[in-house]
Engineer: 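Here's a structure for you.
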Amino acid sequence: MDAAGILQITLYCAVIVALTPLIGGMMARIFSGERVLLTRLLGPVERGVYRLCGVSPDQEQHWTRYAAAMLAVNLLGVLLLYGLLRLQGVLPLNPAHMAAVAPDLAFNTAVSFVTNTNWQAYGGESTLSYLTQMAGLTVQNFVSAATGIAVAVALIRAFARRSARTLGNFYVDVTRATLYVLLPICVLGALVLVWQGVPQNLGAYTEATTLEGSRQIIAQGPVASQMMIKHLGTNGGGFFSQNAAHPFENPTPLTNMIHMVAIFAIGAGLTFTFGRMVGDTRQGWAILAAMGVLFVAGVLIAYGAEAQTNPTFAALGLDPALGNMEGKEVRFGVAVSTLFAVVTTAASCGAVIAMHDSLMPLAGMIPLVNMMLGEIIVGGVGAGLYGMLLFVVLAVFIAGLMVGRTPEYLGKKIEAREIKLAVLAILVLPVGILGLGALSTVLPAGLASVQSGGPHGLSQILYAYSSATANNGSAFAGFGANTLYQNTMLGLAMLIGRFLIIVPVLAIAGAVAAKKTVPASTGTFPTHGGLFVGLLVGVILIVGGLTFFPALALGPIAEQLLLGSGTLF
Amino acid sequence: MTHHSQRDIGLFDRAILRQAGRDALRKLDPRDLVKNPVMFVTGVVALLCTVLFVRDAASGGGNVAVEGQIAAWLWFTVLFANLAEAIAEGRGKAQAASLRRTKTETPAKKAADPEAATWTEVPAASLRTGDLVLVETGDVIPGDGDVVAGIATVDESAITGESAPVIRESGGDRSAVTGGTRVVSDRIVVRITANPGESFLDRMIALVEGAKRQKTPNEIALTILLVGMTLIFLLVVVTLPAFASPSGTVIPVVFLIALLVTLIPTTIGGLLSAIGIAGMDRLVRFNVIAKSGRAVEAAGDVDVLLLDKTGTITLGNRQAAEFLAMPGVTERDLAEAAFLASLADDTPEGKSIMVLARERFGFSADATDWAGLVFIPFTAQTRMSGVDRPAGGSATVGAQAVAAVQIRKGAPDTIVARIGARNASRDLTLAVERVAKAGGTPLVVARDDRALGVIHLKDIVKPGIRDRFQTLRRMGIKTVMVTGDNPLTAAAIAAEAGVDDFLAEATPERKLELIRSYQADGRLVAMCGDGSNDAPALAQADVGVAMNTGTQAAREAGNMVDLESDPTKLIEIVMIGKQLLMSRGALTTFSIANDVAKYFAIIPALFLLGLPQLGALNVMGLASPQSAILSAIIFNALVIIALIPLALKGVAYRPAGAAALLRRNLLVYGLGGLAVPFAGIKLIDLGVTALGLA
């Protein structure tokens with residue numbers, strides 16, 4: 001670890017903390033229906049959308065109707081995207097003449113983008129047409145992000161309201177999230193990216209002759225617009241298969257910083273929105289603090305592991321000062337690559353600027369753990385907050401009893417129904433990661449995708465199923481994802497990881513909204529301040545750790561220990 | 001101030017233990033076991049483990065000795081959990097037995113109507129609701145009921161443990177009698193209000209024994225969490241062989257079973273029902289019967305306590321605190337007049353006036369010659385009392401002759417009416433107001449038609465009650481004093497006692513209204529009451545403690561009954577409720593935190609063959625894989641036994657704010673739960689190795 005590396009990490013954290021109240025405060029106003037700067041400009045558009053879709057914006061929905069609307073919109077998204085992928089060969093805006101995508105890959109891809117996962121079992125520039133990228137993927141990047149935000153906002157309202165039947169209107173929340181939050185930031189950000197040299201065109205690929213005289217096809221396209229939403233919406237699906245390591249996606253240190261900041265911006269901001277809307281900003285900061293503790297710890301462990309070089313290379317006489325440069329873009333170096341790796345997995349984004357497969361085993365474990373904990377460290381837009389609140393419910397319940405009262409959070413009693421739903425949602429992670437992951441290690445069809453043997457092969461499978469279930473989308477290279485088996489099973493993992501969490505979350509929201517709010521007193525469990533943050537972090541680590549420790553011990557931990565004895569995979 | 005007659009039973013009473021041991025075995029019945037999901041899973045895998053042991057023992061393969069020991073300890077785990085529950089139940093049954101002793105078969109004297117002179121003798125068991133029975137001196141009251149005619153003293157010690165007999169009379173708030181109690185004097189006619197088997201005593205016995213115990217809401221939520229964690233760990237263990245296959249490790253099924261049982265929350269799973277039963281039991285030892293576990297739990301959640309002023313906050317009687325003489329009258333003069341007027345006054349107030357006069361000026365009844373005095377007793381019509389010295393009579397106080405002719409003391413308005421409004425000076429009005437404002441009751445003393453001054457009768461706030469309210473405030477509980485006094489008086493007493501709020505000029509309707517308004521704000525309200533007109537409020541309150549001396553209506557409406565009829569006990573009830581919830585939380589936290597160490601014991605042991613490098617995780621330095629697994633399993637079983645006393649007695653509760661409680665309990669049960677098993681497993685491993693068990 002060097003000073004420059006630590007400085008970059010500190011700077012990044014400072015920018016996020018500074019942006020949190022700005023973006024969070026803005027979202028609080030937007031979702032409370034207050035006027036914001038852009039209302040004058042976008043108000044008519046918003047009303048036009050409602051009229052076009054036949055939505056009455058004042059009509060609030062019960063949680064069941066809210067959930068039904070959410071499922072309907074997302075199902076429609078899967079069908080449209082699947083159709084587009086299958087038919088892209090005969091549709092316009094296809095200068096590179098891309099053929100129809102195979103059914104299993106189309107299913108996997110459609111699910112992947114609708115669930116905000118952006119797991120890519122294909123190379124974008126060699127598989128997809130411009131129309132698919134723009135009207136398919138980019139649209140879902142917006143819709144899936146807005147869905148996440150809407151669900152989080154519904155849950156926030158549930159805690160803020162007392163004895164209420166409704167949670168808001170899903171269509172209104174999705175429209176507002178898109179129009180007032182995602183679009184303005186994306187337009188602005190994309191312009192900056194274009195200024196920094198990110199291409200934004202619809203031209204055909206350029207053919208160039210390199211200095212050695214060989215022929216090279218330079219892929220391009222509407223990159224800047226997709227870059228911005230891919231990070232802001234924590235989608236992560238790259239335009240090119242090298243993702244953000246590609247110089248057209250990420251040409252300068254400034255674009256790299258913009259990417260990283262965009263990944264955390266909304267997720268961190270939502271914690272402030274939460275605090276503001278429940279009427280006590282300290283509650284939001286406490287949640288961000290718990291996320292922050294886990295994040296910084298992850299970054300330091302990963303950076304510590306990466307800063308040392310692979311002992312095998314060191315034995316060959318490689319300068320250990322560089323750290324582990326295997327699989328890294330030389331432009332970014334160890335510190336930034338590690339930071340990006342932790343950010344992108346903490347926040348369910350999945351964009352990458354380095355090969356996670358080539359991280360040192362312990363450093364590679366951090367992204368894995370980030371995902372296994374359910375993407376709650378800032379997390380996917382919306383998903384991070386509601387995932388974290390599930391753990392808050394558990395933490396408050398387990399430890400809250402110790403103050404001698406029925407546990408309550410923000411004045412809402414946590415009772416059997418909430419616990420049942422929270423447990424149901426949290427069970428999804430072990431089912432997706434351990435259950436489906438184990439299946440892939442024993443079935444020949446699953447094992448076929450693994451190229452490395454031993455613990456590293458296990459890490460690859462664990463990583464793939466963690467990434468899919470937690471809706472991250474990043475991958476350990478070396479995992480053959482585009483097979484009928486993996487396309488289907490990972491698609492399934494993505495679906496349960498998204499909707500089997502959202503539906504219980506909305507059910508919890510419905511139950512919580514209906515409750516009375518007990519006024520706080522010195523007898524109530526304080527949920528701001530260091531003690532609560534420590535408790536929350538402890539519960540997350542123990543519950544998550546206990547669930548995945550055996551698998552991790554057999555994967556990355558074993559690998560690290562074997563590395564010490566000179567065994568490589 | 002807690003001197004309740006507790007029925008104490010030793011934590012490990014020999015007789016109870018013996019019975020509990022038998023019950024623990026009986027509870028292995030799968031139909032019983034399935035009620036506790038965590039223990040059911042343990043039981044199932046223990047059976048599986050036993051089958052594997054028998055198979056391997058027959059074929060001579062595997063690690064038979066270790067397998068056998070693991071199977072045995074798994075059964076012990078289940079038995080220990082059963083034992084915890086059986087001990088808790090046994091203690092409850094012991095309580096119930098002492099109650100049941102009062103339930104002997106008694107003949108009843110059935111009468112046709114309240115005035116009937118004749119009766120027919122029938123067995124008590126044949127009585128039905130609505131029947132009238134005659135109970136005379138020496139008879140045992142055959143069933144629960146209301147007195148419809150007569151008045152009697154009743155010995156209720158069988159139920160309350162209180163030896164002094166109590167008065168029971170028809171009408172009013174002291175009409176309820178309980179079956180099994182004995183009439184000591186006089187005769188009453190009782191209308192039976194409960195069918196056989198449904199009487200108050202029957203229900204109390206059933207509740208205390210835990211026979212009719214239902215899971216409380218909180219217990220249900222906790223059970224769901226435990227089931228969820230069990231499912232997660234089932235997934236972890238079931239998928240483990242698959243994840244181990246790439247490194248070529250084959251894990252024996254018995255070891256997987258051991259891992260599963262150490263991970264699932266057996267500690268809290270095994271102790272959960274014992275904690276609940278023990279909570280009810282603690283209440284019983286305070287002579288409070290909760291009609292449901294839900295009520296005990298609600299007591300822990302209470303935010304507002306409604307407390308009656310008289311008897312709870314203040315001593316029942318007012319006491320003279322001060323003589324306020326009018327201008328031109330010495331305080332001694334006033335005291336002397338007041339003393340004389342109270343000589344024959346037997347009320348506590350009258351006596352307190354004499355005490356004050358003696359303290360201040362040394363007047364004493366013995367040194368008073370009062371032969372010539374005529375005493376005027378207090379009546380409801382005159383609303384004053386006093387003394388006359390007829391012309392020619394003589395009286396002395398000490399050495400001095402008494403000069404007065406007519407002395408009266410009474411409420412200001414009656415005395416003013418007697419002496420005439422023009423004789424009531426402005427000073428008198430001011431003095432009267434001053435007393436009222438200070439929360440006292442003014443009594444005016446007049447000699448002939450002259451007002452001498454005012455006696456300040458003061459409500460005496462119970463010693464120590466202020467501290468208790470402060471404690472409650474620290475616990476986040478708001479105290480509200482309920483009194484029939486006017487707002488001025490109420491405010492003064494409220495300030496002196498240190499309650500947070502008060503309801504003056506309270507009527508049953510206003511009390512009900514107050515409870516509803518607190519509840520609308522989301523607060524939980526506790527109160528106690530005894531009268532029939534308290535019944536609606538008792539029913540509305542989240543925790544309604546009815547006094548056993550109260551009416552049947554009140555006892556039906558409340559969800560707890562205090563057998564000793566001590567309204568201050570509300571505070572203890574709240575603490576017992578909190579203690580119950582805390583015990584659950586603490587043991588849950590402890591149980592989950594324990595798992596960390598167990599992983600460090602078992603995971604390296606499981607994979608030592610395939611991945612010897614994982615031996616680095618063996619931070620405890622356990623001797624061998626077999627001894628590590630066996631030690632973890634033994635620790636897991638023994639910790640249940642070790643925690644039984646804590647589950648039964650409850651976690652120590654010191655009243656404090658939630659933040660302080662949480663910090664302390666997290667430290668003790670959270671960090672303790674992380675650390676203890678590391679030491680425990682290591683010690684057991686040393687023992688296991690030394691004994692050559694593995």
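Numbered from 1 within each chain, the chains take letters A, B, ... in sequence-line order.
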Engineer: For T441(A), is it the side chain, the backbone, both or neither that has a heavy atom under 4.5 Å from a heavy atom of chain B?
Structural biologist: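 It is both, since atoms from each part get that close.
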
Engineer: For chain A, find its close neighbours in residues 666-675 of chain B: heavy-atom separation under 4.5 Å, sorted by number, or none.
Structural biologist: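 Near chain A, by residue number: L666(B), Y669(B), L674(B).
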
Engineer: May I ask you to test the V505(A)-L390(A) pair for a side-chain heavy-atom distance under 4.5 Å?
Structural biologist: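 Yes, close enough: below the 4.5 Å cut-off.
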
Engineer: Heavy-atom pairs under 4.5 Å with chain B are the metric here; pick the option from S163(A), G555(A), P550(A) that has the most.
Structural biologist: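 Among the listed options, the one with the most contacts to chain B is P550(A).
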
Engineer: Looking only at heavy atoms and a cut-off of under 4.5 Å, which of G404(A), G538(A), G529(A), A553(A) has the most pairs with chain B?
Structural biologist: G404(A)

Engineer: Determine whether the aromatic ring centres of residues F607(B) and F255(B) are separated by less than 6.0 angstrom.
Structural biologist: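 Between F255(B) and F607(B), the centre distance exceeds or equals 6.0 Å.
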
Engineer: So which part of I542(A) gets closer than 4.5 Å to some heavy atom of chain B, the side chain, the backbone, both or neither?
Structural biologist: side chain

Engineer: Relative to chain B, which segment of V450(A) carries a heavy atom at a distance below 4.5 Å: side chain, backbone, both, or neither?
Structural biologist: neither

Engineer: Quick check on V442(A) against chain B: is it the side chain, the backbone, both or neither that has a heavy atom closer than 4.5 Å?
Structural biologist: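 V442(A) touches chain B through side-chain heavy atoms alone.
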
Engineer: Select one option (side chain, backbone, both, neither) describing which atoms of S245(B) are under 4.5 Å from chain A's heavy atoms.
Structural biologist: side chain

Engineer: Check whether K515(A) gets within reach of chain B through its side chain, its backbone, both or neither, counting any heavy atom under 4.5 Å.
Structural biologist: neither

Engineer: Less than 4.5 Å to any heavy atom of chain B: does that hold for the side chain of F525(A), its backbone, both, or neither?
Structural biologist: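 Interface part for F525(A): both.
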
Engineer: So which of A299(B), A659(B), P241(B), P217(B) has the largest heavy-atom pair count under 4.5 angstrom toward chain A?
Structural biologist: A659(B)

Engineer: Identify which of D301(B), N665(B), L661(B) forms the greatest number of heavy-atom pairs closer than 4.5 Å to chain A.
Structural biologist: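 It is D301(B).
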
Engineer: Under 4.5 Å heavy-atom distance to chain A, tell me which part of V302(B) shows up: side chain, backbone, both or neither.
Structural biologist: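 For V302(B), the contact with chain A is made by the backbone alone.
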
Engineer: Quick one: what part of L462(A) sits under 4.5 Å from any heavy atom of chain B, side chain, backbone, both or neither?
Structural biologist: side chain

Engineer: When only pairs under 4.5 Å are counted, which of L222(B), T588(B), L259(B), L231(B) shares the most heavy-atom pairs with chain A?
Structural biologist: L222(B)

Engineer: Where on A244(B) is there a heavy atom nearer than 4.5 Å to chain A: the side chain, the backbone, both, or neither?
Structural biologist: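 For A244(B), the contact with chain A is made by backbone and side chain together.
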
Engineer: Sort out for me which of L447(A), V423(A), L401(A) touches chain B most, counting heavy-atom pairs under 4.5 Å.
Structural biologist: L401(A)

Engineer: Just wondering, do Q460(A) and H456(A) contact through their side chains at under 4.5 Å, heavy atoms?
Structural biologist: yes

Engineer: Please look at F243(B) and chain A and tell me whether the side chain, the backbone, both or neither of the residue comes under 4.5 angstrom of a heavy atom of that chain.
Structural biologist: both

Engineer: Relative to each other, are the rings of Y409(A) and F159(A) parallel, tilted or perpendicular (30° and 60° limits)?
Structural biologist: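 Perpendicular.
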
Engineer: What is the minimum heavy-atom distance between A605(B) and A628(B), and which atoms define it?
Structural biologist: CB-CB, 4.1 Å

Engineer: Looking only at heavy atoms and a cut-off of under 4.5 Å, which of E297(B), R474(B), Q579(B) has the most pairs with chain A?
Structural biologist: R474(B)

Engineer: Between L443(A) and chain B, with a heavy-atom cut-off of 4.5 Å, which part of the residue counts as in contact: side chain, backbone, both or neither?
Structural biologist: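 For L443(A), no heavy atom lies under 4.5 Å from chain B.
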
Engineer: Which bit of I414(A) is near chain B, if near means a heavy-atom gap under 4.5 Å: side chain, backbone, both or neither?
Structural biologist: neither

Engineer: Could you look at T406(A) and say if it's the side chain, the backbone, both or neither that has a heavy atom under 4.5 Å from chain B?
Structural biologist: both

